[in-house]
K.L.:
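After the structure tokens below, expect a handful of questions from me.
Keep in mind that this is a model prediction, so the values were computed, not measured. Sequence lines set the chain letters: A, B, ... in the order given, protein chains first and strands last, and positions in each chain run from 1.
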Number of protein chains: 2
Amino acid sequence: MADDFNTYIKRNINLNDEDIQLMHSMALEKKAHRREMLLQPGDVCRHKMFILSGMVRLYRTREDGSEHIMHFATENEWMTEPESLNHGTPTAYYIEALEDTELLLWTKRDFTQLSIAIPQLKTYSENIIAKNLAMTRERVFNTMSATVEERYDDFIRDYPDVFNRIPLHMVASYLGVSLKTLTRVRQAQVKR
Amino acid sequence: MADDFNTYIKRNINLNDEDIQLMHSMALEKKAHRREMLLQPGDVCRHKMFILSGMVRLYRTREDGSEHIMHFATENEWMTEPESLNHGTPTAYYIEALEDTELLLWTKRDFTQLSIAIPQLKTYSENIIAKNLAMTRERVFNTMSATVEERYDDFIRDYPDVFNRIPLHMVASYLGVSLKTLTRVRQAQVKR
DNA sequence: TTAAAACGGGGACAAATGTCCTCTTTTAGC
DNA sequence: GCTAAAAGAGGACATTTGTCCCCGTTTTAA
């Protein structure tokens, strides 16, 4: 597992072994079992998380209990709730492990420390946020302008690995439609 | 106008006069008339822009010509298309001046230079992106879970100044509904 | 191993929304 | 100031989508 992290970091930020070692040494390793909550509304998000194995989702609920999924993250991806992390304010989100998951955690403080020692890290984390913003804008655009079927097909094309590991009602929740609507789309496709 | 920028910067990043002077000296001043395009699909976005006066919108179109607005920015706000700016790739977006608008522009290169001379600037710009991400996620959540009327009321509450300066069809475009639907919501409210 | 929960398809119906059209008023720009 | 364009309301109709059921199968967790 630790090797996966090293490989990932080398490939994406191009750090030397010492820097990777330093990063790793400041991380907290955590194992979360399926359905474990890593963050809940009212909590303050304290960590940036790197996923070694498994899968998590970021979602919110309405007062009526309906769930709306904002983001999935799998192996070799990052997850945090930047709003809460940056300002130390209570979050509105849940982060839940969808499978048994292994993580590396850094507190904001430690990550800031690391960014001073390893300047590339700052640029790298800014790029991750910018990428997330571009993705989320893309999603807003698609939600506004594309049909449910197009968005469904896009989801399968863009996140095949996620698609194969989650139940359909979560796909519906991510797409922002009811399970019924998704079922209809799927049936229409079967009949072709 | 220049004074507005100084005031804004002092209030938000707390730079000293020399640093502000340095920032300003590396900026390009630009005036755009109403309806002028500052960025079009296929262009590479070359600048971070600060709006001294006026207003711009960021939007995309579908093949059928329909417009979908991602973001508005007014006086003392920033605008750019980070995806294109960061990677030097062609953008899919338009940026259009909705009023006669005065801007300060920095190239990516110059802004990077500035960030080295003024380290707070790096943190500040990361915060702006993070804030944009949080806003956009909030918007996805609202689009998925709130009624059109709720989203309309939210828009007026959150962006009263924008609301009062744009035509209703742009409100509809931002909310992701047809003008017809927005008209219905407004009529229902009048009748109460 | 087994009981409970989760999953997901489908019917019936109602509500929400879009498209296409017309019509009037307001606004922008020469 | 004048003229063309933009703005926006509204009717008629079709389509999409949601909700509330029910049902059978599969998966999960104690």
K.L.:
Would one find a side-chain N or O of B:R186 under 4.0 angstrom from OP1 or OP2 of D:dG8?
P.N.:
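For B:R186, the contact criterion (side-chain N or O under 4.0 Å from OP1 or OP2 of D:dG8) is not met.
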K.L.:
Using atom NZ of B:K191 as one end and atom P of D:dA9 as the other, report the distance to the nearest whole Å.
P.N.:
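These atoms are roughly 12 Å apart.
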K.L.:
When all nucleic acid strands are considered with a 4.0 Å heavy-atom cut-off, which category describes A:L179: base, sugar-phosphate, or nothing?
P.N.:
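Counting heavy atoms under 4.0 Å across all strands, the contact made by A:L179 includes a base.
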K.L.:
In terms of the nearest nucleotide of DNA chain C, which residue is placed more toward the 5' end: A:L168 or B:V177?
P.N.:
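Looking at the nearest nucleotide for each, A:L168 comes out on the 5' side.
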K.L.:
Can you tell me the distance, in whole Å, between the CD atom of A:Q189 and the P atom of C:dG9?
P.N.:
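Roughly 12 Å, once rounded to whole Å.
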K.L.:
For A:R165 and C:dA6, what is the distance between atoms CZ and P respectively, to the nearest whole Å?
P.N.:
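From A:R165 CZ to C:dA6 P: 21 Å.
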K.L.:
Do A:R165 and A:D161 meet the salt-bridge criterion of a basic N to acidic O distance under 4.0 Å?
P.N.:
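Looking at A:R165 together with A:D161, the answer is yes, because their closest N to O distance falls below 4.0 Å.
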K.L.:
So how far is it from A:L52 CG to A:N76 CG, rounded to the nearest 0.5 Å?
P.N.:
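Rounded to the nearest 0.5 Å, the CG-CG separation comes out at 8.0 Å.
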K.L.:
Counting side-chain heavy atoms from CB outward, which of C:dA12, D:dG8, C:dT17 is closest to A:K180?
P.N.:
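Out of C:dA12, D:dG8, C:dT17, the nucleotide with an atom closest to A:K180's side chain is C:dA12.
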K.L.:
Between P on C:dG29 and CD on B:E36, what's the gap in Å once rounded to a whole number?
P.N.:
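Distance check: B:E36 CD to C:dG29 P gives 13 Å.
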K.L.:
Nearest 0.5 Å please: distance from the OH atom of A:Y152 over to the CG atom of A:D154.
P.N.:
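A:Y152 atom OH to A:D154 atom CG measures 12.0 Å (nearest 0.5 Å).
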K.L.:
Given C:dG8, D:dG10, C:dG29, which nucleotide is nearest the side-chain atoms of B:T183?
P.N.:
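So the nucleotide nearest the side chain must be D:dG10.
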K.L.:
With no angle test and no hydrogens, is the base of C:dG9 tied to the side chain of A:R184 by a donor-acceptor pair under 3.5 Å?
P.N.:
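For A:R184, whose side chain was compared with the base of C:dG9, there is no donor-acceptor pair (under 3.5 Å).
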K.L.:
Heavy-atom count check: over 12 atoms from other residues, nucleotides or ligands less than 6.0 Å from B:R157 CZ?
P.N.:
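Yes, the 6.0 Å shell around CZ holds more than 12 heavy atoms from other groups.
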K.L.:
Whether B:Q187 contacts D:dG10 is assessed here as follows: a side-chain N or O lying under 4.0 Å from the phosphate OP1 or OP2. Is that the case?
P.N.:
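Affirmative; the distance criterion is met.
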K.L.:
What integer distance in Å separates A:E67:CD from C:dA6:P?
P.N.:
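My rounded result for the distance is 11 Å.
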K.L.:
In whole angstrom, give the distance that lies between atom CZ of A:R34 and atom C1' of D:dA30.
P.N.:
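Checked: the CZ to C1' distance equals 15 Å.
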K.L.:
On DNA chain D, compare the nucleotides closest to A:G176 and B:P167; which residue's is nearer the 5' end?
P.N.:
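The answer here is B:P167.
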K.L.:
Expressed in angstrom and rounded to an integer, what is the separation of B:L182 atom CG from C:dT17 atom P?
P.N.:
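Rounded to whole Å, this separation is 11 Å.
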K.L.:
Examine B:R57 relative to B:Y174 and say whether NZ or CZ is less than 6.0 Å from the centre of the six-membered ring and inside a 45° cone about the ring axis.
P.N.:
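Because its charged atom misses either the 6.0 Å distance or the 45° angle limit, B:R57 does not stack over B:Y174.
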K.L.:
Would you say B:T181 places a side-chain N or O within less than 4.0 Å of OP1 or OP2 belonging to C:dT17?
P.N.:
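No, outside the criterion.
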K.L.:
Could you state the atom-to-atom distance from NE2 of A:H33 to C1' of D:dA30 in whole Å?
P.N.:
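Result: 14 Å.
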